[in-house]
Amino acid sequence: MSATTSRMPSEIRVRIAPSPTGDPHVGTAYIALFNYVFAKKHGGKFLLRIEDTDQTRSTLDSEAAILRALHWIGLTWDEGPDVGGPYGPYRQSERTDHYRSAAVDLIARGAAYPCFCTPERLESLKAAQRAAKQPPGYDRRCRSLDSAEAQARRASEPHTVRLAMPREGVTRFVDELRGDVEFSNATIDDQVLLKSDGFPTYHLANVVDDHLMKISHVIRAEEWISSTPKHVQLYRAFGWEAPLWVHMPLLRNADKSKISKRKNPVSLDYYRDSGFLPEALLNFLGNLGFSIGDNREKFTVAEMVAGFDWKKVSLGGPVFDLAKLTDLNGQYIRELSVEELLNRLHSWRLSDEYLRRVLPLEHQRIERLDQLIPATSFFFSGDLDHRPVLGELVPQGRDGASTAKVLADLVEALDNVRPWDKQAIEPVCRNFADSIGWKTKELFMAIRVAVTARTAAPPLFDTLEVVGKELCRRRLRSAAEMLRTATP
RNA sequence: GACCCCAUCGUCUAGCAGGCCUAGGACACCGGCCUUUCACGUCGGCGACACGGGUUCAAAUCCCGUUGGGGUCGCCA
């Protein structure tokens with residue numbers, strides 16, 4: 001790809017900035033990998049920053065899960081919330097003073113303004129624009145407020161702070177992978193920078209922190225391209241030098257849309273629990289949008305670092321192909337010595353720790369030791385084959401199509417269960433049965449069959465807890481899919 | 001819809017300072033070999049430069065357009 005190479009800052013500092021609002025995402029690992037590799041290539045620093053400015057959705061559990069998953073995959077950061085560093089804190093919720101004073105500064109510079117519009121007004125504005133087939137966007141009503149008046153209201157009224165985007169001209173920036181990108185300012189909205197709860201939006205926080213943390217290159221996903229001009233304007237307003245921009249292609253589903261959990265397993269926990277080796281996953285990710293050259297597809301992160309160059313990055317959005325990942329994973333497994341394989345198995349699910357969770361559930365149900373392994377196979381499996389139990393999946397008097405719908409909806413209902421334990425799972429399932437008018441007995445058997453591929457298994461919620469969230473959800477989804485496509 | 005990005009086999013990709021390309025590799029798929037079976041391994045097959053204009057002696061490679069795909073348009077990131 002043609003790379004318009006810009007100046008190379010003396011110290012390379014890059015970051016991965018996940019938002020702790022869900023499960024550890026494979027896209028986070030993908031972007032982290034390229035940040036990491038680029039940093040190591042140039043002897044720079046790779047940092048981890050938690051972007052928890054969404055108070056309603058951020059959780060500590062999610063943050064912990066993300067750090068655990070990133071550690072599992074083997075990427076290590078030089079600075080971050082868990083390891084500290086000279087530019088901390090590395091959690092945005094602990095840096096709110098910076099954003100507030102930055103917002104005040106921006107207002108003083110005339111680059112931002114307080115906005116007193118209510119969410120209700122914004123909503124009706126949007127509705128009106130939609131009805132009139134106008135492009136959506138804030139109408140800038142508060143931008144023309146008398147500044148003394150605005151100043152006075154600011155003290156007493158709830159408000160946001162918006163970016164005063166220039167009304168004319170263009171904003172351009174250089175993307176290291178694509179060259180010049182240009183947006184005409186008139187098409188860019190006056191983004192909210194500071195929410196009414198006093199927390200910053202991504203746009204403000206990311207610019208302020210990247211500057212304060214001396215980030216040299218912002219390497220992020222392509223979906224950010226359209227908001228980059230806002231960031232460029234912010235750097236300009238602050239009088240700061242902007243970092244270099246690199247937008248990586250977006251990982252895709254088989255249908256080419258942006259990778260999503262409805263169409264693909266996206267949680268790193270799924271890959272871990274399904275028996276993928278972290279180095280194989282990383283290697284696979286390294287083959288998406290990047291080619292090391294010389295027809296080599298199997299390479300370590302160290303080799304990727306050695307051979308890395310932005311010129312080797314391609315821009316077509318790569319489809320995440322599980323079959324190819326599986327093949328690569330097989331190559332890694334075959335290369336292991338038996339001793340190493342044993343160790344891998346131990347750190348996977350053949351551990352005393354995991355066995356201690358499984359055994360209590362099966363203990364009273366076996367009469368000979370040899371029955372254990374066959375009876376518990378679904379605790380040690382990734383995807384299950386539901387074909388033999390397709391008939392058992394559908395409760396008496398229900399049909400395949402509606403059962404498929406029920407299971408698919410249940411997957412969504414289970415999405416926000418965190419932590420994943422039986423106390424949390426059970427009420428969600430009971431309420432769900434209630435909400436769809438199914439007897440719990442009907443729903444629970446369907447879940448049991450979907451998750452274990454059998455009709456007899458240990459108590460349902462214990463089973464779900466031990467199998468794990470991602471595997472449960474994947475199996476429910478695939479059972480639903482199988483029912484949906486099965487021709488009765 | 002507006003704006004922006006992208007475009008080689010079904011998928012991941014090499015090639016893109018134009019000729020070495022009758023387009024290479026890998027996954028998947030199909031077939032042979034190896035083998036008591038399966039897997040591995042190995043050999044072979046199938047299979048792509050989206051389309052149309054230019055530029056050039058010569059274009060997958062450069063330019064323009066069309067088409068297609070994607071992203072964004074939130075007090076989410």
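Atom set for the values below is all heavy atoms of this structure, side chains included, hydrogens, waters and symmetry mates excluded. Throughout, a chain's letter reflects where its sequence line sits, starting with A, and its residues are numbered from 1.
- Here A:Arg387 pairs with A:Asp385 under the side-chain hydrogen bond (donor to acceptor under 3.5 Å, both in side chains) rule; sequence neighbours left out.
- Annotation: proximity of residues 60-82 of chain A to RNA chain B (heavy atom, distance under 4.0 Å) is found for no residue.
- The salt bridge (charged side-chain N to carboxylate O under 4.0 Å, His left out) pairs that include a residue from residues 30-40 of chain A are A:Lys40-A:Asp78, where partners are two or more places apart or lie in different chains.
- Nucleotides B:A58 and B:C6 place their C1' atoms 28 Å apart, quoted to the nearest Å.
- Near RNA chain B, meaning a heavy atom under 4.0 Å from it, residues 271-297 of chain A has A:Asn287, A:Leu288, A:Gly289, A:Ser291, A:Asn295, A:Glu297 in order of number.
- Sequence neighbours left out, the pairs with a member in residues 15-37 of chain A that pass ring pair (Phe, Tyr, Trp, His ring centres under 6.0 Å) are A:Tyr30-A:Phe34, A:Tyr36-A:Phe46.
- Base pairing analysis places B:G41 opposite B:C33; the two distances defining the Watson-Crick or G-U wobble pair are each below 3.5 Å.
- With C1' as the reference atom, B:C38 and B:A48 are 34 Å apart, rounded to whole Å.
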Hey, can you pull the donor-acceptor pairs under 3.5 Å for the side chains in residues 157-164 of chain A, sequence neighbours left out?
residue  : atom : partner  : partner atom : Å
A:Glu157 : OE1  : A:Arg153 : NE           : 3.3
A:Glu157 : OE1  : A:Arg153 : NH2          : 3.0
A:Glu157 : OE2  : A:Arg153 : NE           : 2.8
A:His159 : ND1  : A:Glu157 : O            : 2.9
A:Arg162 : NH1  : A:Asp190 : O            : 2.8

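- Within the shown strands, nothing qualifies as a pairing partner of B:U61 under the Watson-Crick or G-U definition with both distances less than 3.5 Å.
- Taking atom P in both B:A60 and B:A2, one finds a spacing of 33 Å when rounded to whole Å.
- Applying the Watson-Crick and G-U wobble criteria (two distances, each under 3.5 Å), B:G74 pairs with nothing in any strand.
- Aromatic ring centres of A:Phe320 and A:Phe284 lie closer together than 6.0 Å.
- For the pair A:Asn185 CG and B:C4 P, the computed distance is 12 Å after rounding to whole Å.
- Across every strand in view, B:G47 sits unpaired, with no contact that passes the Watson-Crick or G-U test at under 3.5 angstrom.
- Spacing of P atoms, B:G41 relative to B:C27, comes out at 8 Å, to the nearest Å.
- In this structure, the separation between CG on A:Asn329 and CZ on A:Arg334 is 9.5 Å, given to the nearest 0.5 Å.
- In this structure, the CD1 atom of A:Ile225 is 7 Å from the C1' atom of B:C4, given to the nearest Å.
- Taking the six-membered ring for Trp and thresholds of 30 and 60 degrees, A:His231 and A:His203 have ring planes inclined between 30 and 60 degrees apart.
- Residues passing the ring-ring contact (aromatic ring centres under 6.0 Å, His included) test with A:His71, sequence neighbours excluded: A:Trp77.
- Atom name P, nucleotides B:C49 and B:C12: the rounded distance is 16 Å, in whole Å.
- Taking atom C1' in both B:G45 and B:G18, one finds a spacing of 32 Å when rounded to whole Å.
- B:U13 and B:C9 are spaced 11 Å apart, taking the C1' atom of each and rounding to whole Å.
- Listed by first and then second residue, the salt bridge (charged side-chain N to carboxylate O under 4.0 Å, His left out) pairs that reach into residues 264-282 of chain A are A:Asp269-A:Arg272, A:Asp273-A:Arg349, A:Glu279-A:Arg344, sequence neighbours excluded.
- Environment of CD in A:Glu168: sparse, with no more than 12 heavy atoms of neighbouring residues, nucleotides or ligands closer than 6.0 Å.
- Between A:Arg178 atom CZ and B:C16 atom C1' there is a gap of 17 Å when expressed in whole angstrom units.
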Sugar-phosphate or base contact per nucleotide [nucleotides 66-77 of chain B; S, B, -; heavy atom under 4.0 Å]:
---SSSSS-BBB
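- Distance noted for atom P between B:C16 and B:U22: 15 Å (whole Å).
- Looking at A:Lys469, its side chain does come within 3.5 Å of a backbone N or O of A:Val417 through a donor-acceptor pair.
- Taking the six-membered ring where tryptophan is involved, the planes of A:His211 and A:Trp240 are essentially parallel, since the angle between them stays under 30° and well short of 60°.
- Pair check for B:A14 finds none; no Watson-Crick or G-U wobble contact set falls under 3.5 Å.
- Without hydrogens or angle criteria, A:Asp23 side chain to A:Ser62 main chain gives no donor-acceptor distance under 3.5 Å.
- Remark: A:Val319, A:Asp321, A:Ala323, A:Lys324, A:Asp327, A:Arg334 in residues 319-339 of chain A come within less than 4.0 Å of RNA chain B through at least one heavy atom.
- For A:Lys324, the salt bridge (charged side-chain N to carboxylate O under 4.0 Å, His left out) partners are A:Glu297, not counting sequence neighbours.
- As a whole-Å value, the separation of A:Leu251 CG from B:U11 P is 15 Å.
- Nucleotide B:U67 is matched to B:A7 when pairs are restricted to Watson-Crick or G-U wobble geometry with both distances under 3.5 angstrom.
- Here the P atom of nucleotide B:A14 and the NZ atom of A:Lys311 are 14 Å apart, to the nearest Å.
- Residues satisfying the salt bridge (charged side-chain N to carboxylate O under 4.0 Å, His left out) criterion with A:Arg252, sequence neighbours excluded, are absent altogether.
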